[in-house]
Amino acid sequence: MRTIPAEQVRHLDLDSIEKASERHFWLHIINNALGGPIRLPVIVKKGAQPGPVLGVTAALHGNEINGIPVIQNLMDAIDVKKLSGTVVGVLVVNVPGLLLRQRYFNDHADLNRIAPGKNHGNESEIFMHRFLKRVGNFFEYHFDLHTASFGRKNAHYIRAFMDDPQTARMAKLQGAQIIVSKPPRDKTLRGILQKQGTKSITIELKDPHVFQKGVIEDATQGILNVVYDLKMMKGKINFPKNKTYLCQNSQWLYTNEGGILRVFPEVGTRVSVGEPLAEVHTIFGETTKQYFAKKDAVVVGKSIDPLNQTGSRIIHLGYDFTEIDMKKFFSSMT
Ligand SMILES: [Zn+2]
């Protein structure tokens, strides 16, 4: 087995990295309260030929870890001698959150709601600001890998600004179950990078705090499809078997009655108007509330937590959807 020693650095200088090489870094972002460093594990693969910088980030939410093996597999599939450009993988962004097995940063902030952070801000704001300055801002193409939160399930789905043709193409190349069109109006990492001119999409990879083989393989192939499409490396774009639903918008439905919650439809499926979505029971087993689909929709995510205080999430539905015939899309590209 060959290991590459990880170098401890404060800044990533991609220009100074030798062509056709792989480097591993511990990128120092801030210090903890003992004065010790908080460092992010980063893999850089720099090609023999010049080309774009493609970045992949995982575990911005510390308990969403399916993206970590996606980056490892992606890096294994890339041959630096045949690569044009640079692929940067940040295996874990929210290192303190991951070690605590929690979504949030260790000051309880959601790092995906505060981008671009602040130079002179609070703990999470400074962390986000420096993360962008030291690595995130280098990306020309970007994939942010997430999963559902604890107590929920997601489909393999994409959030992307579909009005931008290149971003839309990256989203479609994932062969995911669902794409939800979202303009970059928020303080997410994707939103802020897209606003700055990076082509950025979020990939949701099913369940929190597990490694799920199928979706890990699908996401690795999806990102490789973009690597091939950008002509960074030669390879065969893999035709996904399924159709992808493209939703123009999506919404969570919340309960207005507390009790034991059961949600019926599975993620990735279609529901028709009038179809039962969920029921609330008392602790004695009596049904007190039923919820039905008000419109045709696709199920993007759902609650799997039976404990529902009034106002809990039920189901995440994608609306105004069309089916993309992926085979047709791919054959029109070649
Ligand atoms: Zn997330």
Side-chain angles (χ1 to χ4, degrees), residues 40-41 55-71 74 89-117 124-125 127-128 131-132 135-136 139 142-161 170-171 174 176-194 198 200-212 215-216 218-220 222-223 247 250-252 267-268 299-305 312-313 315-318:
L40 315 188
V56 191
T57 49
L60 180 62
H61 291 137
N63 60 348
E64 302 181 5
I65 60 176
N66 263 333
I68 297 170
V70 171
I71 295 177
L74 173 74
V90 183
L91 294 149
V92 181
V93 179
N94 183 0
V95 166
L98 178 115
L99 295 174
L100 293 164
R101 295 174 172 76
Q102 71 180 27
R103 172 186 178 89
Y104 301 104
F105 196 63
N106 60 1
D107 68 352
H108 311 297
D110 186 331
L111 290 176
N112 212 24
R113 301 288 184 274
I114 59 157
S124 45
E125 287 168 339
F127 179 88
M128 177 50 79
F131 161 75
L132 285 169
V135 56
F139 305 153
H142 170 242
F143 302 86
D144 195 22
L145 309 181
H146 287 255
T147 73
S149 292
F150 284 136
R152 295 182 218 154
K153 258 177 132 167
N154 277 345
H156 175 203
Y157 84 93
I158 312 299
R159 286 195 300 274
F161 181 42
M170 286 164 63
Q174 299 311 305
Q177 291 170 289
I178 299 167
I179 300 171
V180 179
S181 179
K182 290 253 178 208
R185 285 196 206 110
D186 47 18
K187 292 181 138 191
T188 62
L189 178 58
R190 171 187 74 90
I192 222 71
L193 287 178
Q194 183 83 33
T198 303
S200 175
I201 68 170
T202 300
I203 308 180
E204 291 283 347
L205 302 165
K206 298 201 168 180
D207 303 347
H209 216 269
V210 280
F211 287 157
Q212 291 165 290
V215 78
I216 289 166
D218 292 348
T220 307
I223 299 171
C247 306
S250 75
Q251 229 172 15
W252 273 97
V267 295
V299 182
V300 180
K302 67 183 269 189
S303 172
I304 53 165
D305 185 355
S312 296
R313 288 170 195 252
I315 196 163
H316 183 192
L317 295 173

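Since the structure is predicted, the reported quantities are computational estimates derived from the model, not experimental observations. Whatever order the structure lists them in is the order used to number ligands and atoms, beginning at 1.
- When you scan the N, O or S atoms of H146 for the one nearest the Zn ion (ligand 1), you land on ND1.
- Side chain of Q174 to backbone of I203: no donor-acceptor contact under 3.5 angstrom is found.
- Not one N/O/S atom of E204, from backbone or side chain, sits under 2.8 Å from the Zn ion (ligand 1).
- Looking at E64, its N, O or S atom nearest to the Zn ion (ligand 1) turns out to be OE1.
- In this structure, Q194 contributes its side chain and S200 its backbone to a donor-acceptor pair below 3.5 Å.
- Between the D305 side chain and the R152 main chain, no donor and acceptor come within less than 3.5 Å of each other.
- Looking at H61 and the Zn ion (ligand 1) together, the shortest N, O or S contact belongs to ND1.
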Stepwise side chain to side chain donor-acceptor pair (under 3.5 Å) check, D144 with T57: CA-CA 5 Å; D144 195 22; T57 49; 2.7 Å; yes
